[in-house]
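No experiment lies behind these values; they were computed from the predicted model shown.
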Amino acid sequence: MRKLQVKLLLVFCLMSLLVACNNESASSGEGNDGDSDGRPTIHFMTNLLTPNVPNDKILTKVEEVTGYNLEIDWVPDNNYNERLNSAFATNSLPDVVGIGFQQINQFKDAIRDGQFWEIGPYLEEYENLSKLKEEIINNSKVDGKVYGIYQGRPLSRSGIIYRKDWADNLGLSAPTTTEEFYEMAKAFTEDDPDGDGKDNTIGLTDRNDLIYGSFKTIASWFGTPNYWGEKDGEIVPQFMYPEYIETMDFIKKLHENGYMNQDFLVTSKEDQTEMFKNGTAGLYVGSMSDVKAMYDDASKINPDVEYDVQNYVEGPHGEYGIWSIPGFGSLMLFPKSSVGSEEELKNILEFYDYLMTPEVANLALWGEEGVHYELIDGRAKVIDQTKYDAEVRPYKIFEIGEPETSGKYEPYNEYEPAIKAIELEKDNENYLIKDPTVTLDSETYAKNAGQLDQIISDATYQYMLGEMDEDGFQAAIKKWEEAGGSDVLKEFNESLKNQ
């Protein structure tokens with residue numbers, strides 16, 4: 001019996017030793033639970049904007065500095081919304097959910113249903129998160145409460161990038177009115193701006209996007225509201241304003257006369273920018289900050305190419321205005337289904353507080369100094385763009401706040417139009433046209449925005465292509481109202497009165 005007891009004791013000791021070894025392996029990172037080393041783990045799902053998943057060099061350094069394990073599911077950008085909706089439907093959301101500012105409406109019901117943490121009461125507890133701009137936070141609120149941490153963005157980057165060498169050849173200056181813009185588009189089409197003796201150029205290059213293509217910016221010049229306007233104390237959609245019709249007429253005239261690409265309805269952004277870079281078109285309306293990247297590509301085709309940027313274009317009423325975003329590109333939300341306790345939430349908020357320190361902010365945004373970037377006059381200059389894009393750029397998911405709130409470096413530029421673009425972005429802040437419904441609510445619009453917006457989008461394109469007259473456009477508005485638009489207006493206006 002004693003021999004049997006000894007044997008059993010030896011077996012027990014051996015098993016205990018094995019368990020201890022396994023636990024030691026797990027704490028060294030060999031386990032599967034992700035936080036077996038005692039460090040909290042945060043699980044992200046994010047859109048991948050580069051062709052390949054980055055290596056984990058920067059991620060590992062961020063983990064070392066912050067003391068967190070970070071798990072990232074990279075989803076190709078084109079599939080992100082589909083994956084997000086699928087994860088939401090199957091209750092398999094990660095710890096952090098990133099949504100664009102235009103997606104807030106579709107999450108409002110879930111937010112109100114208590115499926116995401118309210119974080120407003122906690123922000124003041126954190127040294128850096130408490131520095132986030134109150135105005136931008138207010139723009140992100142749902143029912144007056146804060147649920148997301150924002151990635152700051154310039155309020156308006158919109159303007160013109162144009163072929164300065166073509167303009168110089170024809171004796172033209174940067175357009176400052178819609179009439180001058182039209183005349184430049186006409187001259188770039190008809191007056192052989194590249195001097196090759198061939199009829200092979202057009203004025204404006206555009207794409208199938210009424211927001212980030214040319215339409216919305218040009219509409220601002222004409223004084224059109226930003227999605228929605230407020231008239232006599234009532235919310236009214238932009239397409240019910242005469243300025244919207246004037247914008248459609250303006251683009252229709254450009255199109256009819258051949259001063260822009262005829263197939264803009266089916267033109268992608270890639271094809272649109274290619275027309276600009278390869279010397280087919282001389283005017284691009286959109287984000288002025290794109291000028292450096294487009295110049296880098298265009299100068300490989302034509303080393304003598306010259307670009308310039310311009311923001312201020314007065315409409316027929318003699319004023320300049322430009323549409324703005326709410327000051328953030330994305331919001332980080334925290335689902336209760338995956339973040340199960342207040343303690344876990346505070347752990348994640350502490351991580352985001354680390355992300356707003358200059359050390360971590362610049363590591364995530366710029367990489368390693370001397371490897372990925374160098375500092376010139378207090379600004380970051382990328383050393384090798386290919387290396388930066390492959391190893392650092394995807395980690396912009398960790399970018400929080402703005403340079404003035406996080407201490408992250410502004411980009412350095414030697415290219416004058418790029419420097420000018422940043423100055424003009426700041427100048428745009430003096431002329432912003434804001435969306436009055438950012439903090440308002442419409443249940444009908446939240447559920448049916450896609451269908452309702454499509455009715456007006458289709459009619460807008462048909463009008464500009466000459467396939468519909470104004471009576472037809474008014475009929476489309478009637479269709480919009482009958483499809484739920486009337487309820488949207490009623491709900492927005494009720495929300496406005498209750499503010």
Side-chain angles (χ1 to χ4, degrees), residues 42-50 54 59 62 70-88 93-108 110-111 115-120 123 128-129 131-142 145-158 209 211-212 227 287 289 323-335 338-339 345 348-349 351-356 360-361 364-365 392-406 408 425 435 438-439 446 449:
I42 305 177
H43 182 199
F44 305 81
M45 182 176 74
T46 188
N47 47 339
L48 180 65
L49 299 172
T50 53
L59 185 66
V62 172
L70 307 174
E71 298 178 352
I72 302 176
D73 289 341
W74 297 99
V75 182
D77 188 48
N78 291 338
N79 300 331
Y80 182 73
N81 287 340
E82 181 182 342
R83 274 283 299 276
L84 179 59
N85 291 334
S86 175
F88 191 77
L93 289 169
D95 299 326
V96 181
V97 174
I99 63 169
F101 73 89
Q102 292 174 314
Q103 295 175 295
I104 292 177
N105 278 335
Q106 72 185 72
F107 281 86
K108 278 186 176 178
I111 289 171
Q115 296 182 43
F116 293 90
W117 284 94
E118 180 192 353
I119 63 169
L123 294 181
N128 300 305
L129 291 177
K131 298 175 185 175
L132 290 169
K133 292 183 178 180
E134 185 176 358
E135 177 190 357
I136 310 304
I137 287 178
N138 287 339
N139 286 340
S140 74
K141 286 181 176 178
V142 176
K145 298 178 180 179
V146 182
Y147 292 88
I149 295 176
Y150 72 82
Q151 292 185 321
R153 293 292 181 267
L155 289 163
S156 181
R157 288 175 165 153
S158 296
D209 187 334
I211 299 174
Y212 298 107
Y227 296 108
S287 174
S289 60
W323 71 283
S324 71
I325 64 171
F328 60 90
S330 296
L331 278 180
M332 305 299 124
L333 304 178
F334 311 102
S338 47
V339 183
L345 175 67
I348 295 174
L349 292 178
F351 170 74
Y352 276 96
D353 198 60
Y354 278 126
L355 287 182
M356 286 188 67
V360 186
L365 181 61
V392 183
R393 185 183 166 204
Y395 292 110
K396 281 190 174 185
I397 59 166
F398 294 140
E399 185 180 6
I400 297 299
E402 309 82 2
E404 57 267 40
T405 54
S406 70
K408 62 189 177 187
E425 286 175 3
D435 178 358
V438 165
T439 57

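Among Val97, Leu331, Asn81, the single residue meeting the side chain to side chain contact (heavy atoms under 4.5 Å, CB included) criterion with Gln103 is Asn81. Just one of Leu93, Val75, Thr46, Asn47 meets the side chain to side chain contact (heavy atoms under 4.5 Å, CB included) condition when paired with Leu84; it is Leu93.
The two residues Arg157 and Ser289 make their nearest non-hydrogen contact at CD-OG, 3.8 Å. Nearest heavy-atom pair, Asn139 versus Val438, reported as atom, atom and distance to 0.1 Å: O-CG1, 3.0 Å. Taking all atoms of both residues into account, the shortest heavy-atom contact from Pro94 to Pro335 is O-CG, 3.4 Å. Ser156 and Ser324 get closest at one heavy-atom pair: CB-CA, 4.4 Å. Across all non-hydrogen atoms, the minimal contact from His43 to Asp73 is NE2-OD2, 2.9 Å. Across Ile400 and Tyr150, no two heavy atoms sit closer than the pair CG2-O, 3.7 Å.
Remark: Thr439 pairs with Gln499 by the side chain to side chain contact (heavy atoms under 4.5 Å, CB included) rule, at least two apart or across chains.
Rounded to the nearest 0.5 angstrom, Thr405 OG1 and Met356 CE are separated by 4.0 Å.
Listed for the Asn138 side chain is a donor-acceptor partner under 3.5 Å among the backbone atoms of Glu134. Listed for the Asp77 side chain is no donor-acceptor partner under 3.5 Å among the backbone atoms of Leu48. Under a 3.5 Å cut-off, the side chain of Gln151 and the backbone N or O of Ile397 do form a donor-acceptor pair. With hydrogens and angles ignored, the 3.5 Å screen pairs a side-chain donor or acceptor of Asn128 with a backbone N or O of Asp353.
Side chains of Met332 and Tyr352 form a contact here, defined as non-hydrogen atoms less than 4.5 Å apart. Inter-residue side-chain proximity for Trp74 and Met45 is flagged as unmet; no heavy-atom pair is nearer than 4.5 Å. In this structure, the side chains of Tyr147 and Glu118 come closer than 4.5 Å at one or more pairs of heavy atoms. The shortest distance between side-chain heavy atoms of Ile211 and Trp323 falls below 4.5 Å. Val62 is listed as a side-chain neighbour of Leu70, based on a closest heavy-atom distance under 4.5 Å. Side-chain contact between Lys396 and Leu365: present, with at least one pair of heavy atoms (C-beta onward) separated by less than 4.5 Å. Contact check for Ile136 versus Leu132: no side-chain heavy atoms found under the 4.5 Å cut-off. The shortest distance between side-chain heavy atoms of Leu349 and Phe334 falls below 4.5 Å.
A salt bridge is absent between Glu402 and Lys131; no separation between the charged side-chain nitrogens and carboxylate oxygens falls under 4.0 Å.
In summary, the aromatic rings of Phe398 and Tyr354 are positioned with their centroids too far apart to meet the 6.0 Å limit.
Relative ring orientation between Phe88 and Phe116 is described as parallel, the plane-to-plane angle staying below 30° on a 0-90° scale split at 30° and 60°.
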Quick one, Phe44 with Asp95, criterion side-chain contact (heavy atoms from CB on, under 4.5 Å). Give me CA distance, side-chain angles, the key distance, then yes/no. CA-CA 6 Å; Phe44 305 81; Asp95 299 326; over 6 Å; no
Evaluate the criterion side-chain contact (heavy atoms from CB on, under 4.5 Å) for residue pair Ile42 and Glu71; output intermediate values, then yes/no. CA-CA 6 Å; Ile42 305 177; Glu71 298 178 352; over 6 Å; no
